[in-house]
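These notes concern the structure reproduced below.
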Amino acid sequence: MSTYHIAVIAGDGIGREIMPAAVAALDAVAALSGFGVALEHFPWGSEHYLERGRMMPEDALDVLRPFDAIFFGAVGDPRIQDNVTLNGLLLPIRRGFDQYACVRPAVLYPGVRSPLVGRKGGDIDFVVVRENTEGEYAQIGGGLYPDTPQEVAMQTATFTRYGTERVIRFAFDLARRRSRKRLVTSVTKSNAQGYSMAFWDRVFTAVARDYPDIRTESLLVDAACMDLVRRPNDFDVMVASNLFGDILTDLSAAITGSLGLAPSANLNPARTAPSLFEPVHGSAPDIAGKGIANPLAAMLAGAMMLDFLGEKEAAGRVEQAVRGVLAEGTAVTPDLGGSGTTRSVTDAVLARIQRDAG
Ligand code: NAD
Ligand code: IPM
Ligand code: MN
């Protein structure tokens, strides 16, 4: 029996509420599909920072490296500046482990109401591939003359040919594997950003030549936002820079019902270091501690982790159970218009996993 070693970082806020739920689903399907999961929990995050002045220990990446995968909740605490928390934990892991392809599916499940009039379950099914190691998130910059009228702040978006080409290639390969509309939509702002984004467009065109079986489309990010509202059903695979991918995926989560349903895989496709799986959402301080956070995004992220580890059957069990609970509509958290709780939705998914297994 194979056993997967998973590092669990629940983090802050609702991260601590949804992760036990997602881990319970993981344990349940592992038992049914006949493999082991050995979990190690790391109490890193904002409490750790307040106690010790660091979000995670200095050697955290060395500690995490031997694991098969990292299962992550969320970080962010109103008492600490967000760039301290995120640059102290999540972003260094994405970069340090070369998790360059951030894969964020956007699926409108049957039983879920989209805020877009007339869209029903099954209508929306695309994936955003977000560049995850450089671009606008490259920590290159600086400042001068703090707290004076002359203050200067610079943050340099950094695009390399290596980084741009590999993520675009990943998107084309994914469109092939999905074998749906066989379409890759590149999203840039090359009308305004004549260096970085015009460069991205050139790389996109060059890579596309290697995929004559895949159709292509290039959109400016402002128009892409409009089209995600106007014609979301047309998309298949979208590929975008770090920042644009971030923005597009809160929007894609909203049109498919809720951030509470949107999973994310931060992949190191070469498998030279562990990949990290998490919900798209953050620590949601506005609902933290109330027991009403939707655990389904984290559960679906767990399914993506199982799929990446090669446990397709177990991944399918989680996804099918989530689909079933959504279609049934009896255990529904408030973000989806219900009055259910993290607990009731988790119980419903766990029951369904057993029922579907017969
Ligand atoms: P957020 O994603 O935490 O919340 C946005 C809104 O969506 C809130 O109204 C929240 O209640 C709701 N929501 C999010 N997840 C939900 C769930 N599972 N169930 C029900 N409702 C849910 O974004 P924010 O409010 O902009 O950020 C809060 C903190 O989280 C900040 O510190 C931010 O930096 C951080 N953040 C962290 C991550 C991460 O760790 N990956 C991602 C995004 C934001
Ligand atoms: C996400 C989050 C992070 C990002 C933040 C918290 C740094 O919004 O995973 O979407 O922008 O990558
Ligand atoms: Mn985001």
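Whatever order the structure lists them in is the order used to number ligands and atoms, beginning at 1.
- Under 4.0 Å from ligand 1, not a single heavy atom of Ile18 appears.
- Residue contacts with ligand 2: Arg130 is included, with a non-hydrogen atom under 4.0 Å away.
- The protein heavy-atom contact nearest to atom 29 (C) of ligand 1 is Ser283 OG, 3.3 Å.
- Scanning the protein heavy atoms around atom 22 (C) of ligand 1, the nearest turns out to be Ile287 CD1, 4.0 Å.
- Taking 2.8 Å as the criterion, Asp250 does not count as a coordinating residue of the Mn ion (ligand 3), since none of its N, O or S atoms falls below it.
- Between the side chain of Glu17 and the backbone N or O of Gly289 there is at least one donor-acceptor pair closer than 3.5 Å.
- For atom 15 (N) of ligand 1, the nearest protein heavy atom is under 4.0 Å away.
- Annotation for ligand 1: atoms under 4.0 Å from non-hydrogen atoms of Ala293 are 19 (N).
- Figure legend: Arg166 and Tyr100 shown as a cation-pi pair, the cationic atom lying under 6.0 angstrom from the six-membered ring centre and within 45 degrees of its axis.
- Protein non-hydrogen atoms do reach within 4.0 Å of atom 1 (P) of ligand 1.
- Of all the atoms in ligand 1, the ones that sit under 4.0 Å from a non-hydrogen atom of Ile14 are 15 (N), 16 (C), 17 (C), 18 (N).
- Residue contacts with ligand 1 include Val280, since one of its heavy atoms falls under 4.0 Å from the ligand.
- Each of the atoms 17 (C), 18 (N) of ligand 1 lies under 4.0 Å from some heavy atom of Gly260.
- Remark: ligand 2 atoms within the under-4.0 Å shell around heavy atoms of Arg94 are 1 (C), 4 (C), 9 (O), 12 (O).
- Between Asp125 and Arg178, at least one side-chain N (NZ, or NE/NH1/NH2) sits under 4.0 Å from a carboxylate O, which counts as a salt bridge.
- Taking a distance limit of 4.0 Å, we find that atom 24 (P) of ligand 1 is approached by no protein heavy atom.
- Of the possible polar contacts, none joining the Ser33 side chain to the Ala30 backbone as a donor-acceptor pair under 3.5 Å is found.
- Judged by a 6.0 Å distance limit and a 45° cone about the ring axis, Arg271 is positioned over the six-membered ring of Phe308.
- If you check which protein heavy atom lies closest to atom 8 (O) of ligand 2, you get Asp246 OD1, 3.2 Å.
- Under a 4.0 Å N-O distance rule, the pair Asp234/Lys181 does not qualify as a salt bridge.
- Residue contact check: Phe72 has heavy atoms under 4.0 Å from atoms 40 (O) of ligand 1.
- In this structure, the side chain of Thr256 does not engage the main chain of Ala106 through any donor-acceptor pair within 3.5 Å.
- A donor-acceptor contact shorter than 3.5 Å is absent between the side chain of Asp227 and the backbone of Arg230.
- Remark: the backbone N or O of Gly76 is paired with a side-chain donor or acceptor of Ser283 at under 3.5 angstrom.
- Given atom 7 (C) of ligand 2, the protein heavy atom at minimum distance is Leu86 CG, 3.5 Å.
- The residue from Val75, Asp250, Leu90, Asp12 that puts a heavy atom closest to atom 37 (C) of ligand 1 is Val75.
- Arg130 places no side-chain N or O within donor-acceptor distance of the main-chain N or O of Ala101, the cut-off being under 3.5 Å.
- Within a 4.0 Å radius of atom 34 (O) of ligand 1, the protein contributes at least one heavy atom.
- At a threshold of 4.0 Å, the pair Glu131-Arg94 does not count as salt-bridged, since none of the basic side-chain nitrogens sits closer than that to a carboxylate oxygen.
- For atom 1 (C) of ligand 2, the closest heavy atom belonging to the protein is Arg104 NH2, 3.4 Å.
- Below 3.5 Å of separation, one finds no N or O of Leu86 facing any N or O of ligand 1.
- What sits closest to atom 7 (O) of ligand 1 on the protein, heavy atoms only, is Leu259 CD1, 3.7 Å.
- For atom 32 (O) of ligand 1, the closest non-hydrogen atom of the protein is Asp82 OD1, 2.6 Å.
- Judged by distance alone, the side chain of Ser344 and the main-chain N or O of Gly340 form no donor-acceptor pair under 3.5 Å.
- No donor-acceptor distance shorter than 3.5 angstrom exists from the side chain of Asp123 to the backbone of Asn233, with no hydrogens or angles considered.
- For atom 12 (C) of ligand 1, the nearest non-hydrogen atom of the protein is Ala284 CB, 4.5 Å.
- Those atoms of ligand 1 with a heavy atom of Ala74 less than 4.0 angstrom away are 40 (O).
- Counting non-hydrogen atoms of neighbouring residues, nucleotides and ligands closer than 6.0 angstrom, the CZ atom of Arg54 exceeds 12 such neighbours.
- For atom 18 (N) of ligand 1, the nearest non-hydrogen atom from the set Asn294, Leu336, Thr342 comes from Asn294.
- Gly282 CA, 3.4 Å is the protein heavy atom nearest to atom 44 (C) of ligand 1.
- Within the 4.0 Å heavy-atom shell around ligand 1 one does not find Thr333.
- Protein heavy atom at the shortest distance from atom 41 (N) of ligand 1 is Glu278 OE1, 3.2 Å.
- The minimum heavy-atom distance linking Val345 with Ala331 is given by the pair CG2-O, 3.6 Å.
- Residue Tyr137 has at least one heavy-atom neighbour below 4.0 Å for each of these atoms of ligand 2: 4 (C), 11 (O), 12 (O).
- On a distance-only criterion, His281 and ligand 1 share at least one N/O pair closer than 3.5 Å.
- Ligand 1 has no nitrogen or oxygen under 3.5 angstrom from a nitrogen or oxygen of Pro285.
- As for Asp246, its N/O/S atom nearest the Mn ion (ligand 3) is the one called OD1.
- With hydrogens and angles ignored, the 3.5 Å screen pairs a side-chain donor or acceptor of Glu134 with a backbone N or O of Thr160.
- At the top of the distance list for atom 9 (O) of ligand 1, counting protein heavy atoms only, stands Asp286 OD2, 2.7 Å.
- Within ligand 1, the atoms closer than 4.0 Å to a non-hydrogen atom of Gly76 are 32 (O), numbered from 1 in the order shown.
- For the 3.5 Å distance criterion, the side chains of Asp335 and Asn294 qualify, holding a donor opposite an acceptor.
- The main-chain N or O of Leu116 is found under 3.5 Å from a side-chain atom of Ser114 such that the two form a donor-acceptor pair.
- Salt-bridge check for Arg182 with Asp236: failed, with every basic side-chain N at 4.0 Å or more from each acidic carboxylate O.
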